[in-house]
There are 2 protein chains.
Amino acid sequence: MSTVGKAVSLLELFTLAEPEIGLSELARNAGLDKATTRRLLVALINGRLVEQEPRSRRYRLGAGLSRLARIRDAHFPFVRVAAPVARALALETGETVHVSEFSAGALLTVDVALSAKANRVNVDVGQVLPLHGTASGIAFLSACDGAAADAYLGGPLDKFTPHTVASREGVMEAVRAAAAHGYSRSAQGYEEGVHSVAAPIFGADGRAIGTLAVASPVSRIDDAVAVRQGEAAVRAAREISAGLGGEVARLGTGSERANFILSGN
Amino acid sequence: MSTVGKAVSLLELFTLAEPEIGLSELARNAGLDKATTRRLLVALINGRLVEQEPRSRRYRLGAGLSRLARIRDAHFPFVRVAAPVARALALETGETVHVSEFSAGALLTVDVALSAKANRVNVDVGQVLPLHGTASGIAFLSACDGAAADAYLGGPLDKFTPHTVASREGVMEAVRAAAAHGYSRSAQGYEEGVHSVAAPIFGADGRAIGTLAVASPVSRIDDAVAVRQGEAAVRAAREISAGLGGEVARLGTGSERANFILSGN
DNA sequence: GTCCTAGGTTCATTATTCGAACCTCTGTTT
DNA sequence: AAACAGAGGTTCGAATAATGAACCTAGGAC
């Protein structure tokens with residue numbers, strides 16, 4: 001692994017649950033030597049991607065990240081456009097809504113609007129979702145570049161729960177269904193007790209760049225509710241796509257597209 | 001320079017003005033070889049800190065930055081707390097307000113609320129401000145850790161305009177005045193025609209972690225206006241400090257503190 | 001066609017990274 | 001108070017990863 005890769009892996013150790021970490025723990029969790037970890041941290045601190053709390057000497061994510069994220073957001077306002085739509089949809093459906101952006105083979109959760117209910121699904125900003133096993137992933141696969149989808153399906157597909165669809169054929173079937181309906185549906189494929197529907201968010205070239213998902217406790221879901229949520233998710237995702245300059249119209253019907261995508265090899 | 005430092009320097013080439021850059025230009029601007037640049041970019045892409053636009057093959061900041069910034073923000077909600085206060089102050093004063101956070105020896109502009117006027121000061125999110133020569137920098141020095149201030153003043157002090165106060169004594173004088181008033185004032189020290197007042201934002205330990213500044217065209221400023229802006233900036237900065245759990249009360253009077261800070265060596 | 005510049009890759013050379021062992025400090029146990 | 005444990009941090013010879021000149025291909029411009 002490259003030195004830069006190691007440095008980035010240090011950044012990824014900081015989570016909502018553990019936003020400040022000491023040197024030894026960082027080294028342990030990253031599988032690196034303490035001296036190496038320290039050298040990388042110093043480089044990251046100089047780049048302002050990490051800060052060190054002077055009192056506790058623990059490390060945390062740095063202000064440079066806020067700065068870079070703002071620069072990115074000004075150019076490519078994914079979160080800014082998606083957040084209000086997600087809030088509105090969470091209010092409308094009464095369920096947790098989360099928005100993910102595709103990057104390097106996975107979906108990154110970049111915004112979450114929690115349900116107001118006590119019994120709700122909790123999703124954390126920062127969570128990384130696989131492309132199979134989640135409604136978001138299937139929705140993404142149903143509308144992304146075909147070659148990328150094939151490449152992903154060629155790799156190993158982990159099983160996260162007993163319900164995870166982990167076969168290439170099963171995933172393709174789900175993708176076809178998602179392409180036909182415009183939204184995907186997944187029950188307990190990634191976490192027990194969670195039901196999700198998701199719709200793709202489109203970029204300017206008509207391909208998916210992310211997803212919007214509605215996640216509910218399975219106990220509240222029947223087919224009628226799922227269909228209503230799915231259609232609402234599609235509407236919300238379209239609104240975000242439009243806000244980003246994404247084109248949706250030119251896609252044609254879902255099933256055409258599904259056949260196109262999954263025809264290769 | 002470390003490999004990681006080089007990778008970070010690549011990130012810093014992306015700005016509001018130029019958010020997508022090609023390989024050759026990145027290499028040129030970073031002063032690196034094309035092969036090296038490419039290798040670093042691949043590592044950054046794998047870490048999702050950079051993305052490559054498939055059509056143009058140009059590079060831009062990646063979704064991982066949004067994700068990491070959100071994790072940081074949840075733990076340390078500087079921007080989230082400061083942004084609405086800055087907007088309110090921009091409305092109240094009719095001038096551009098910008099909020100900066102200290103990191104690695106400089107102030108990073110992390111939020112800007114522009115004046116509604118046609119003739120206004122424009123500040124970009126992402127701009128890096130020195131600690132001398134700007135009202136923000138002086139305000140920060142007046143309330144930060146004394147050792148850090150001394151270390152900074154020990155280094156070279158660039159002159160940005162003919163008006164820049166670039167002598168150690170001059171800066172210390174300005175810092176003392178800022179500590180006495182609670183806010184700093186600077187006319188054309190960083191950019192011609194720009195007048196600023198700034199107040200420090202405090203962290204939980206009573207030391208400055210950032211600043212809030214009001215920037216106006218010099219033509220609109222006289223002493224009375226500057227004082228009004230300064231007092232408003234102090235109020236706004238206090239509000240942000242309080243929102244962050246920062247303590248302000250225990251500081252004592254400004255001049256006591258100034259003497260304390262600048263007494264060393 | 002020829003020239004220019006772009007993105008991207010190769011591989012012998014070279015400089016940087018690595019990590020076991022070490023130091024220091026703080027808080028806890030005996 | 002002595003011994004211990006685990007924290008943060010540093011050192012320096014050995015090992016590995018980074019480097020960059022030269023190269024390839026592709027797309028304009030003329």
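Fair warning: this is a prediction, and the values are worked out from it, not measured in the lab. Naming convention: chains lettered A, B, ... in sequence-line order (proteins, then strands); numbering from 1 in each chain.
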> Is there a side-chain polar atom (N or O) of A:Arg28 under 4.0 Å from OP1 or OP2 of D:dG8?
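Answer is no, no contact under 4.0 Å.
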> Does the distance from a Lys or Arg side-chain N to an Asp or Glu carboxylate O, for B:Glu18 and B:Arg58, drop under 4.0 Å?
no
> Please give, in whole Å, the distance from D:dA18 P to B:Leu10 CG?
14 Å
> Report yes or no: do A:Arg39 and B:Ser2 form a side-chain donor-acceptor pair below 3.5 Å?
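Looking only at side-chain atoms, B:Ser2 and A:Arg39 do not form any donor-acceptor pair under 3.5 Å.
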> Summarise how protein sits on nucleotides 7-23 of chain C as a single string, 5' to 3': B when a protein heavy atom is under 4.0 Å from the base, S for sugar-phosphate-only contact, - for no contact.
BBBB-----SSBBB---
> Under a 3.5 Å threshold, yes or no: a donor from one side chain and an acceptor from the other, between A:Thr109 and B:Arg67?
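Side chains of A:Thr109 and B:Arg67: no pair found under 3.5 Å.
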> Please determine if B:Asp111 and A:Arg70 form a salt bridge, counting it only when a charged side-chain N lies under 4.0 Å from a carboxylate O.
yes
> Does the structure place the NZ or CZ of B:Arg60 under 6.0 Å from the centre of the six-membered ring of A:Phe76, at an angle of no more than 45° from the ring's axis?
yes
